[in-house]
Amino acid sequence: MTQIVTRFAPSPTGHLHIGGARTALFNWLLARKLGGRFVLRIEDTDALRSTEEFTQAILSAMTWLNLDWDGEPVYQTRRLALHREYIDKMLSSGQAYWCHCKPEDLEERRQAALAAGGKPKYDGLCREKNLGPAPGAVVRFKGPEAGETGWTDLIKGPVVFDNRELDDLIILKSDGMPTYNLAVVVDDVTMNITHIVRGDDHVNNTPRQILLYKALGAALPQFAHVPMILGADKTRLSKRHGATSVMAYKEMGYLPQALNNYLARLGWSHGDQEIFSLDEMRELFDLSHVGRSAGVFNPEKLDWLNSHYIKETPPEALGELFWPYLEKKGYAKPDAETLVKITHTVRERGKTLVELADKAEFYFQELPPLDPKAATKFLTPDNQAMLLAMKDVLTKPLTAQGFEDLLRRLAEEKAVKLGAVAQPLRVALTGQTASPGLFEILDILGPEKNLKRIDAALAFRA
RNA sequence: GGUCCCAUCGUCUAGUGGCCCAGGAUAUCGCCCUCUCACGGCGGGGACACGGGUUCGAGUCCCGUUGGGACUGCCA
């Protein structure tokens with residue numbers, strides 16, 4: 001069996017977005033599963049909008065997702081000579097022709113055709129004129145005027161287009177750059193791509209590209225069109241649906257495993273299984289189990305997966321992962337042992353690294369601000385008197401277990417529920433009514449901070 | 001408008017003619033656990049878009065309707 005070659009071909013006109021990441025993932029999975037090659041091609045022929053900065057951003061997003069590619073990324077603009085070569089070939093064999101129509105005239109004729117109930121396709125004005133190059137001229141592909149073009153899509157099954165629906169597409173722009181359809185085909189042919197896995201939005205391009213393959217006398221690759229990812233309103237996912245760039249999810253505190261897992265399950269399935277490591281996906285992935293209908297991006301399920309992977313990460317590693325978010329706020333890093341202890345207390349309380357950092361912030365504040373509602377409710381004169389009475393024992397060094405025993409005994413002595421002594425103390429130590437376990441907090445904070453925070457709580461006046 | 005694609009719980013999906021009066025996950029609700037909040041455990045409600053065929057039998061095959069999406073650029 002010959003080695004398969006897949007590719008991911010983003011255009012560097014923006015950051016790597018969710019949809020692109022899934023396309024990249026599927027290509028990567030397919031190649032890695034079948035022991036093939038996965039190559040990256042930067043489609044930068046749009047000179048106006050492509051930037052090196054976006055290229056680097058896409059590369060680092062891929063790296064963050066652990067999607068490694070084979071060889072160096074291929075830049076499409078460095079292959080212009082090759083593209084021109086193929087265009088010249090088609091020109092001399094009569095499969096392409098120069099067109100002198102002006103964009104404004106074209107637009108006008110399109111509108112007129114539309115108004116007359118016709119198709120807004122190129123009317124073929126220059127098709128038989130045998131024109132040569134000229135300033136502002138473009139080269140068009142001379143497409144067939146009858147017949148059908150189709151293929152068996154690995155996801156969608158048989159798809160057929162009537163050639164009359166396809167117009168003579170431009171393959172060389174007036175600025176000397178090849179167009180997308182031409183460059184894609186020439187590159188896929190010369191890079192020996194065997195499987196083209198891409199977004200559903202390209203199905204309409206596929207018959208045009210197949211025609212180009214045929215004109216070039218090249219063998220057709222396999223096509224697999226993955227359904228689109230939609231926003232909650234079922235329209236194509238875009239900025240107005242919130243964050244769409246992969247790196248934005250990184251900044252929001254999502255783990256790459258969670259994003260990969262989520263993206264894989266959006267469209268692909270393996271029975272009832274929900275959790276997949278990248279290795280597992282690679283083993284199990286199968287184009288025949290990719291669905292045909294578009295999927296809605298659901299941030300809540302991503303959250304669930306993220307908390308799953310957070311809980312799965314060993315505390316030592318997890319601490320290092322969320323610490324940067326606290327460092328950004330200027331806090332001093334605790335020793336490793338303390339950070340692990342802190343991590344244990346917050347790891348099941350947040351869905352993102354950012355939430356973990358937020359929940360842990362009170363440990364680091366000089367004096368956590370007292371939430372007015374919490375303080376008013378729990379730091380009543382009675383409770384303050386109780387805290388004052390217990391202050392001596394509370395500010396001694398003890399283990400978490402020691403503090404638990406102590407507080408349970410105190411509650412018993414006063415004949416109240418544990419909550420009655422815990423809540424005022426919690427507000428004193430954290431400023432909030434909701435927090436990690438109190439006994440662990442007492443241990444982590446230590447006598448000095450415990451004392452300071454209790455004193456501050458005793459000074460509170462409603 | 002035209003072409004193409006799609007259609008199972010709110011959402012992601014299992015389902016490849018009988019195993020389905022439809023299973024899992026998430027979300028939601030209730031109960032339990034409990035020092036708070038979470039986590040966790042248990043349970044509830046919730047879907048085959050509609051109409052025709054084909055067949056002994058249809059979520060599964062065919063046709064139509066409706067609905068949604070993509071494309072319709074000298075963007076990719």
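Values below: every heavy atom of this structure, side chains too, minus hydrogens, waters and symmetry copies. All chains are named by letter (A, B, ...) in the order of the sequence lines, taking the proteins before the strands, and each is independently numbered beginning at 1.
With P as the reference atom, B/G10 and B/C5 are 27 Å apart, rounded to whole Å. Taking atom P on both B/G69 and B/U11, the two are 14 Å apart, rounded to the nearest angstrom. Between B/U65 and B/G44, the distance separating the two C1' atoms is 36 Å to the nearest Å. Rounded to the nearest Å, the gap between the P atom of B/C50 and that of B/A27 is 28 Å. Distance noted for atom C1' between B/G24 and B/C9: 12 Å (whole Å). For the P atoms, the distance linking B/C6 with B/G64 amounts to 14 Å, nearest Å. Comparing B/A25 with B/G46, their C1' atoms sit 14 Å apart, to the nearest whole Å. Taking atom P on both nucleotides, B/A7 is separated from B/A14 by 11 Å, rounded to a whole Å.
Ring centroids of A/Trp268 and A/Phe276 are separated by less than 6.0 Å, placing the two rings close together.
Projected onto RNA chain B by closest heavy-atom contact, A/Lys102 and A/Asp201 fall at different nucleotides, the more 5' of which corresponds to A/Asp201. Looking at which nucleotide of RNA chain B each of A/Phe439 and A/Pro103 is closest to, the 5′-most match is held by A/Phe439.
Counting non-hydrogen atoms under 4.0 angstrom, A/Pro207 reaches nothing in the nucleic acid. A/Leu438 comes within contact range of at least one nucleobase, with a heavy-atom separation under 4.0 Å. Residue contacts shown for A/Asn205 include a base, since a base heavy atom lies under 4.0 Å away. Counting non-hydrogen atoms under 4.0 angstrom, A/Ser307 reaches nothing in the nucleic acid. Across all strands, A/Glu274 comes closer than 4.0 Å to base atoms (heavy-atom distances). Across all strands, A/Arg265 comes closer than 4.0 Å to base atoms (heavy-atom distances). If you check every strand for non-hydrogen atoms under 4.0 Å, A/Ser435 touches a base. Using a 4.0 Å heavy-atom criterion, one finds that A/Arg347 contacts no nucleic acid atom at all. Within the nucleic acid shown, A/Gly199 has no heavy atom closer than 4.0 Å to any nucleic acid atom. At a threshold of 4.0 angstrom between heavy atoms, the contacts of A/Thr45 are confined to the sugar-phosphate backbone, with no base atom among them. Contacts of A/Lys311 with the nucleic acid, taken as non-hydrogen atoms under 4.0 Å apart, involve only primed sugar atoms and P, OP1 or OP2. Among the heavy atoms of the strands, none lies under 4.0 Å from A/Gly350. Contact annotation for A/Lys301: base contact, defined as any heavy-atom pair under 4.0 Å involving a base atom. Counting non-hydrogen atoms under 4.0 angstrom, A/Val138 reaches a base of the nucleic acid.
The closest side-chain donor-acceptor pair between A/Thr206 and A/His225 falls under 3.5 angstrom. Under 3.5 Å, the side chains of A/Asn27 and A/His195 contain no donor-acceptor pair of N or O atoms.
A cation-pi arrangement, defined by a distance under 6.0 Å to the six-membered ring centre and an angle within 45 degrees of its axis, is absent between A/Arg208 and A/Phe141.
Taking every heavy atom of residues 157-179 of chain A and every atom of RNA chain B, pairs under 4.0 Å involve A/Val159, A/Val160, A/Phe161, A/Glu165, A/Ile170, A/Lys173, A/Ser174, by number.
Across the strands present, B/C74 finds no partner; the criterion is a Watson-Crick or G-U wobble pair with both atom distances under 3.5 angstrom. With a cut-off of 3.5 Å on both pairing distances, B/C35 has no Watson-Crick or G-U wobble partner at all. The partner of B/A49 is B/U65, judged by Watson-Crick or G-U wobble contacts that both fall below 3.5 Å. Here B/U28 sits opposite B/G44 as a Watson-Crick or G-U wobble pair (both hydrogen-bonding atom distances under 3.5 Å). Pairing of B/C20, defined by two Watson-Crick or G-U wobble distances under 3.5 Å, is not identified with any nucleotide.
No donor-acceptor pair closer than 3.5 Å links the side chain of A/Asp443 to the backbone N or O of A/Thr399. Between the A/Asn450 side chain and the A/Thr395 main chain, no donor and acceptor come within less than 3.5 Å of each other. Within the 3.5 Å criterion, the main-chain N or O of A/Thr51 finds no donor-acceptor partner in the side chain of A/Asp44.
Taking the six-membered ring where tryptophan is involved, the planes of A/Phe285 and A/Phe26 are tilted, since the angle between them lies from 30° to 60°.
By the 4.0 Å N-to-carboxylate-O rule, A/Lys301 lies close enough to A/Glu274 to be salt-bridged with it.
When RNA chain B is scanned in the 5' to 3' direction for atoms under 4.0 Å from non-hydrogen atoms of chain A, the outermost contacting nucleotides are B/G1 to B/A76.
Residue pairs meeting the ring-ring contact (aromatic ring centres under 6.0 Å, His included) criterion with at least one member in residues 164-189 of chain A, sequence neighbours excluded, are A/Tyr180-A/His202.
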* To do: Could you give me the CA-CA distance, side-chain angles and deciding distance for A/Glu404 and A/Arg408, then say whether salt bridge (charged side-chain N to carboxylate O under 4.0 Å, His left out) is met?
  => CA-CA 6 Å; A/Glu404 172 156 12; A/Arg408 285 192 188 283; 2.9 Å; yes
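Residues A/Lys119 and A/Ala113 come closest through the heavy atom pair O-CB, 3.6 Å.
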